[in-house]
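As structure tokens, the structure follows; a few thoughts come after it.
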2 protein chains.
Amino acid sequence: MSTIPTATISRLVTYLRILTTLENHGVKNTSSEQLAEEAQVSAFQVRKDLAYFGRFGTRGAGYTVPTLRRELRRILGLNRPWNVAIIGMGRLGQAIADYPHFEQYDFSLKACFDINPKVIGQTISSNHVYGMDALPQIVKEKGIDIGFLTVPQASAQDAADALVAAGIKGILNFAPVVINVPREVHVEPVDFLAGLKRVSFYIINPGLKEELA
Amino acid sequence: MSTIPTATISRLVTYLRILTTLENHGVKNTSSEQLAEEAQVSAFQVRKDLAYFGRFGTRGAGYTVPTLRRELRRILGLNRPWNVAIIGMGRLGQAIADYPHFEQYDFSLKACFDINPKVIGQTISSNHVYGMDALPQIVKEKGIDIGFLTVPQASAQDAADALVAAGIKGILNFAPVVINVPREVHVEPVDFLAGLKRVSFYIINPGLKEELA
DNA sequence: ATCTATTTGTGAAATTTGCCACAATAAAAC
DNA sequence: GTTTTATTGTGGCAAATTTCACAAATAGAT
Ligand SMILES: NC(=O)c1ccc[n+]([C@@H]2O[C@H](COP(=O)([O-])OP(=O)(O)OC[C@H]3O[C@@H](n4cnc5c(N)ncnc54)[C@H](O)[C@@H]3O)[C@@H](O)[C@H]2O)c1
Ligand SMILES: NC(=O)c1ccc[n+]([C@@H]2O[C@H](COP(=O)([O-])OP(=O)(O)OC[C@H]3O[C@@H](n4cnc5c(N)ncnc54)[C@H](O)[C@@H]3O)[C@@H](O)[C@H]2O)c1
């Protein structure tokens with residue numbers, strides 16, 4: 001298990017989602033073939049991705065939906081609660097605070113932060129908004145693991161530094177900029193404008209899309 | 001120019017953003033070294049990425065910021081206006097309609113759509129909300145190229161089918177599901193929950209992050 | 001109990017992507 | 001005008017990733 005492709009982790013998330021949908025529909029068994037079709041990858045790929053972590057199927061019969069789902073949740077670390085905080089309670093931060101689907105996945109919004117005195121002290125979706133100076137203490141007290149960075153581009157590095165100093169372990173970066181953090185902190189970009197620009201490129205270069213069977 | 005890595009396109013978007021920031025700060029010249037540092041990749045990578053599309057620098061001197069920026073905008077297709085529509089005017093759709101930074105990039109929000117009779121006919125951020133039956137006609141009339149898919153997971157495939165039937169060329173998919181479209185339509189996922197789950201994995205597996213110099 | 005039909009798990013090949021060294025070349029210094 | 005310095009552009013190599021073929025194993029049929 002020396003190294004695992006990033007793309008594999010992304011696909012595991014997709015497989016998990018498909019398994020959840022199957023389970024909700026009462027489906028008991030599945031196969032690499034079915035997962036592959038839903039995820040739009042090859043069946044080889046599904047099996048190879050799973051093989052990085054162990055053996056989860058039975059030859060000739062395929063996979064048991066609840067079992068594989070449980071295993072993938074364990075592999076991805078989703079079988080434990082994660083405490084998250086939002087940094088920057090502007091339009092996007094507020095929209096995310098309103099989003100009800102976290103709890104369903106054992107992600108729990110524990111605190112909100114902003115730098116604007118007019119916003120600090122308000123209550124947004126039944127969450128108190130703290131000032132940035134309270135960050136280290138609240139992170140420690142509430143055991144916050146992950147920060148959602150929803151501040152303007154120009155403030156993103158500063159806010160990220162504050163999160164790192166407070167001892168956060170992962171950052172979901174919504175700002176359209178590459179932020180610099182120590183290696184032990186993991187950053188995932190969620191970059192809407194970048195996606196839009198990629199769409200632009202692929203529309204004007206239709207030939208450059210990789211062929212799919 | 002047979003095939004260009006997807007990762008290269010993502011990095012070009014990053015380089016463009018860096019160049020825009022540099023230009024706004026009045027910086028006239030730059031180098032693969034500087035771009036590499038800001039983008040957190042190697043200088044080789046920057047030069048290789050650019051080499052797919054031509055020669056843009058002068059040896060010994062580096063790159064001229066406005067020139068390289070203009071070239072990247074051309075390569076990415078950002079030197080022309082793009083007309084976009086939002087499908088699904090719930091919390092996220094509304095937040096995006098409010099987002100003012102589109103115009104700055106020659107992306108123009110031309111129409112909003114929903115399936116809920118209570119929402120249809122409303123005006124959101126000075127955009128009229130149309131019913132889904134109006135999609136084909138409005139897409140044609142207003143020359144809409146790109147659709148933002150912000151409907152619930154369960155409706156995403158249906159709404160995507162409607163977009164495809166209406167003749168849209170690209171989709172930014174905010175729903176947490178893999179949608180199935182013909183090859184000539186390009187889909188970019190913007191998947192917040194998937195990012196969150198990847199963070200979870202990398203927090204519990206700190207050893208699996210690729211080494212960086 | 002044996003055979004047949006499936007479908008997984010995996011080593012090896014093929015492909016893709018990234019890395020690196022260095023020749024080419026332009027600007028600056030002298 | 002020549003030399004020095006700097007930095008790009010690129011061909012070849014290494015590493016990572018995907019694809020593939022097939023042996024191993026299991027469930028179900030006979
Ligand atoms: N609004 C959208 O639809 C949208 C979509 C995608 C990405 N984004 C990105 O998300 C980020 C936020 O966007 P927005 O529209 O919510 O912006 P916004 O201006 O509405 O909100 C930003 C908030 O961050 C706070 N802030 C600023 N500096 C801070 C700091 N150093 N520490 C803590 N808080 C700080 C501000 O007080 C403000 O409340 C931006 O980077 C934007 O590009 C927004
Ligand atoms: N709210 C967030 O912060 C957030 C963040 C990331 C991703 N998402 C994803 O974005 C999507 C939308 O989230 P939301 O919170 O805005 O949901 P929402 O329920 O508030 O809004 C969804 C809207 O889509 C409309 N709709 C439903 N089916 C439709 C159809 N077939 N055609 C057209 N319109 C249709 C509904 O009438 C509603 O107005 C979801 O897939 C969600 O998972 C939301």
Side-chain angles (χ1 to χ4, degrees), chain A residues 1-12 14-15 18-19 22 27-65 67-69 71-72 75 198 207-213, chain B residues 1-12 14-15 18-19 22 27-65 67-69 71-72 75 198 207-213:
Chain A
M1 206 210 264
S2 62
T3 179
I4 292 166
T6 320
T8 289
I9 308 308
S10 292
R11 286 189 297 260
L12 290 182
T14 302
Y15 306 151
I18 293 163
L19 289 162
L22 289 174
V27 178
K28 288 278 178 281
N29 299 287
T30 187
S31 63
S32 58
E33 198 64 56
Q34 181 175 25
L35 291 172
E37 189 181 332
E38 300 270 339
Q40 296 183 30
V41 299
S42 70
F44 312 123
Q45 190 72 78
V46 173
R47 298 201 295 272
K48 178 66 91 178
D49 286 338
L50 295 175
Y52 283 110
F53 297 94
R55 302 151 161 222
F56 308 107
T58 52
R59 298 180 187 210
Y63 304 94
T64 312
V65 170
T67 307
L68 185 56
R69 177 163 181 274
E71 291 294 320
L72 284 182
I75 290 165
R198 286 193 295 266
L208 291 182
K209 293 191 57 179
E210 62 283 8
E211 305 296 315
L212 202 69
Chain B
M1 205 209 263
S2 63
T3 178
I4 291 166
T6 319
T8 289
I9 308 307
S10 292
R11 287 189 297 262
L12 291 182
T14 302
Y15 307 151
I18 294 163
L19 288 162
L22 289 174
V27 178
K28 289 277 178 281
N29 299 288
T30 187
S31 64
S32 59
E33 197 65 55
Q34 180 176 25
L35 291 172
E37 189 181 332
E38 301 269 341
Q40 296 184 30
V41 299
S42 70
F44 311 122
Q45 190 71 77
V46 173
R47 297 202 294 273
K48 178 67 90 176
D49 286 337
L50 295 176
Y52 283 110
F53 297 95
R55 302 151 162 222
F56 308 107
T58 53
R59 300 182 186 207
Y63 304 93
T64 311
V65 170
T67 306
L68 185 55
R69 176 163 182 274
E71 289 295 318
L72 283 182
I75 290 166
R198 286 192 296 266
L208 291 183
K209 291 190 59 178
E210 62 284 6
E211 306 295 316
L212 201 67

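Note: hydrogens, waters and symmetry copies are ignored here, and every other heavy atom, side chains too, is used. Numbered from 1 within each chain, the chains take letters A, B, ... in sequence-line order. Everything numeric in this text was worked out from a predicted model, so none of it was measured.
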Is there a donor and acceptor pair closer than 3.5 Å between the side chain of A:Arg47 and the base of C:dG9?
yes
I need the [atom1]-[atom2] distance between [X] and [N], as an integer number of Å.
| X | N | atom1 | atom2 | answer |
| --- | --- | --- | --- | --- |
| B:Lys28 | C:dA27 | NZ | P | 18 Å |
| A:Arg55 | C:dT8 | CZ | C1' | 9 Å |
| A:Tyr52 | C:dG11 | OH | P | 13 Å |
| B:Tyr63 | C:dA27 | OH | P | 15 Å |
| B:Asp49 | C:dC19 | CG | C1' | 12 Å |
| B:Arg59 | C:dT25 | CZ | P | 6 Å |
| B:Ile9 | C:dG18 | CD1 | C1' | 15 Å |
| A:Gln45 | C:dA14 | CD | P | 18 Å |

Within the 4.0 Å heavy-atom criterion, would you say B:Ala7 contacts the bases, only the backbone, or no part of the nucleic acid?
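It contacts sugar-phosphate atoms only.
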Taking all non-hydrogen atoms of both residues, which atom of [X] and which atom of [Y] are closest, and how far apart?
| X | Y | result |
| --- | --- | --- |
| A:Thr3 | A:Tyr52 | O-CE2, 4.1 Å |
| A:Phe53 | A:Thr8 | CE1-CG2, 4.5 Å |
| A:Asp49 | A:Tyr15 | OD2-OH, 2.7 Å |
| B:Gln34 | B:Leu22 | NE2-CD2, 3.8 Å |
| B:Ser32 | B:Val46 | O-CG2, 3.9 Å |
| A:Asn29 | A:Thr64 | OD1-CA, 4.0 Å |

For C:dT8, does OP1 or OP2 lie under 4.0 Å from any side-chain N or O of A:Ser32?
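Result: yes.
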If you find the nucleotide of DNA chain C closest to A:Gly62 and the one closest to A:Lys48, which residue's nucleotide is nearer the 5' end?
A:Gly62
On DNA chain D, which is the earliest and which the latest nucleotide, 5' to 3', with an atom closer than 4.0 Å to a heavy atom of chain A?
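For DNA chain D, the relevant span reads D:dT17 to D:dT26.
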Do B:Ile18 and B:Thr30 come within less than 4.5 Å of each other through their side chains, counting heavy atoms only?
no
